[in-house]
Amino acid sequence: MYSRLLLPGDKKGAKLTAKELDPISDSFDESLLSRLRGLNPASVSLPWLCSAVAVLTFAHCSVKSLIHELKVNGGGDSLSSWYLDNSLKVLDVCNCISSEIERLYLRPLNLRIAIQLLGLDGNPSEEEIHQAREMLADSEGKGGSVYVKSANDIEELIEDLAASIGMSMPWWKVSPVERVVRRAIQAVSFVTAFVAGVISSALRITSGVVVSVRMPKEFSWVDSVRAIESAVIMESSGCGEARARKTRLLKELEDMEAQARHVLEVMDEVSASGGSEEIVGRLRIKAIELEQATKVMSEGLRRLSEEVNELFRTVTGIRKEMADEFTASMRKPP
């Protein structure tokens, strides 16, 4: 978590002055900034997305620790309510991303079936090559209209999360302690919306505009987020010949699709040559390369799914803790 925690001799959070709270707020920002810097250089790959989701899990745990350490009294219930409302949207985003990961996971599975038909250890028959080609060609067009609806859903959720961040009581109507906690929750919500936007863009069926979130300049970590955003946008655009060839933003998906296209091309050469042994040998090599690409993709998606599930469990646990504390406080005699 963040480094500046209250010591046993410190005052209770509700009694700290604005000046005494500044180092705590600054420390929270610095801890988040340090984690975001660790994501540079940005690269839209599955390992990078896993690291980005892990930063979100850390950030939400840090907010929970901040609220606990400051022992917010009086305004504590309102702060918990605000986190509970915003974090519910985070859970919705997690569910949406998990659905997209499951959809993408079917792609390498379909490709592996086609690879098995090619019989990597022997010479595939003309019929086996024909069946494998049909499977590869068919799977290439999967997920279009269904994905458009899903992509719209997650983008709406991200926009909703970002829009709700500013819906709070005016700063001058809250105590210094409440202000620090509200600011921390706001920071985590912004970063969550941003990372979710990058993941949404990476899981698109085609490369395109990266989902963007506007952030206030007051936070010390904003420049790091913008640097990540710029790198992602550059990657999504490509340059020169790479730009013309680019059809996917996610690196592993782009590589897997490219390998599948290479296999299809060699299959056509096999048919045109009447089953030339040399070309069949090339087909075997290309099929092996495709198999490796599908393994990398599948393993990366599995790890990303685990990270998203961990974020979901963490936020759910925080919400339960806060709800239990709220219920306990309501049962206390006045």
Side-chain angles (χ1 to χ4, degrees), residues 1-6 13 16 18 20-40 42 51-70 72 75-76 78-94 157-199 211-229 232 311 314-315 318-319 322:
M1 303 307 119
Y2 61 94
S3 58
R4 171 54 170 90
L5 297 178
L6 297 181
L16 291 171
E20 291 170 322
L21 287 164
D22 282 344
I24 299 174
S25 183
D26 291 344
S27 179
F28 181 90
D29 283 350
E30 282 300 315
S31 68
L32 188 55
L33 174 61
S34 175
R35 292 296 176 120
L36 289 169
R37 280 176 175 165
L39 294 177
N40 277 307
S51 298
V53 176
V55 169
L56 298 186
T57 302
F58 164 84
H60 281 270
C61 287
S62 294
V63 165
K64 184 193 80 168
S65 295
L66 181 66
I67 294 173
H68 175 74
E69 292 297 332
L70 288 176
V72 182
S78 64
L79 290 175
S80 295
S81 298
W82 198 49
Y83 179 83
L84 289 170
D85 180 53
N86 280 269
S87 60
L88 185 60
K89 297 178 180 67
V90 175
L91 297 182
D92 289 338
V93 169
C94 285
L157 284 170
I158 293 167
E159 289 171 4
D160 190 25
L161 173 61
S164 66
I165 292 168
M167 295 180 184
S168 60
M169 194 180 299
W171 293 119
W172 61 87
K173 291 188 178 181
V174 298
S175 70
V177 169
E178 290 175 318
R179 194 172 300 128
V180 168
V181 177
R182 284 178 183 273
R183 187 175 184 279
I185 294 173
Q186 188 181 42
V188 172
S189 297
F190 272 123
V191 175
T192 300
F194 169 74
V195 171
V198 174
I199 295 175
V211 179
S212 183
V213 176
R214 288 188 177 184
M215 299 189 189
K217 297 179 180 178
E218 64 186 81
F219 294 105
S220 60
W221 42 261
V222 167
D223 287 343
S224 286
V225 170
R226 289 300 170 225
I228 294 171
E229 184 180 48
V232 171
L311 174 61
T314 298
V315 174
I318 294 171
R319 286 171 55 80
M322 289 185 172

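In this text, all values refer to a predicted model and were calculated from it rather than measured experimentally.
Under the side chain to side chain donor-acceptor pair (under 3.5 Å) criterion, Asp29 pairs with Arg183, not counting sequence neighbours. Residues satisfying the side-chain contact (heavy atoms from CB on, under 4.5 Å) criterion with Ser87, sequence neighbours excluded, are Tyr83, Val315, Arg319. When the side-chain contact (heavy atoms from CB on, under 4.5 Å) test is applied to Ser224, the partners found at least two apart in sequence or on another chain are Leu33, Leu36, Arg37.
Heavy-atom minimum distance, Ala184 versus Leu66: CB-CD2, 3.4 Å. Here the shortest heavy-atom pairing between His60 and Leu311 reads CD2-CD1, 4.0 Å. Closest of all the heavy-atom pairs between Ser25 and Val180 is CB-CG1, 4.2 Å. Of all heavy-atom pairs spanning Phe58 and Ser31, the tightest one is CE2-O, 4.0 Å. Ala59 and Val188 make their closest contact through O-CG2, 3.6 Å (heavy atoms, listed as atom of the first residue, atom of the second, distance).
The side-chain heavy atoms of Val93 and Ile199, taken from C-beta on, include no pair separated by under 4.5 Å.
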Working note: Val195 + Val55, criterion side chain to side chain contact (heavy atoms under 4.5 Å, CB included); need CA distance, chi angles, decisive distance, verdict. CA-CA 9 Å; Val195 171; Val55 169; over 6 Å; no
Applying side chain to side chain contact (heavy atoms under 4.5 Å, CB included), run through Leu21 and Arg179 and close with a yes or a no. CA-CA 10 Å; Leu21 287 164; Arg179 194 172 300 128; over 6 Å; no
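Counting only residues at least two apart or on different chains, the salt bridge (charged side-chain N to carboxylate O under 4.0 Å, His left out) pairs with a member in residues 52-68 are Lys64-Glu321.
Rounding to the nearest 0.5 Å places SG of Cys61 at 11.0 Å from CG of Leu56. Between Glu178 atom CD and Ile185 atom CD1 the span is 10.5 Å, to the nearest 0.5 Å. For the atom pair NZ of Lys89 and CG of Leu84, the computed distance is 11.0 Å after rounding to the nearest 0.5 Å. Taking CH2 of Trp221 as the reference point, atom CZ of Phe194 lies at 10.0 Å (rounded to 0.5 Å).
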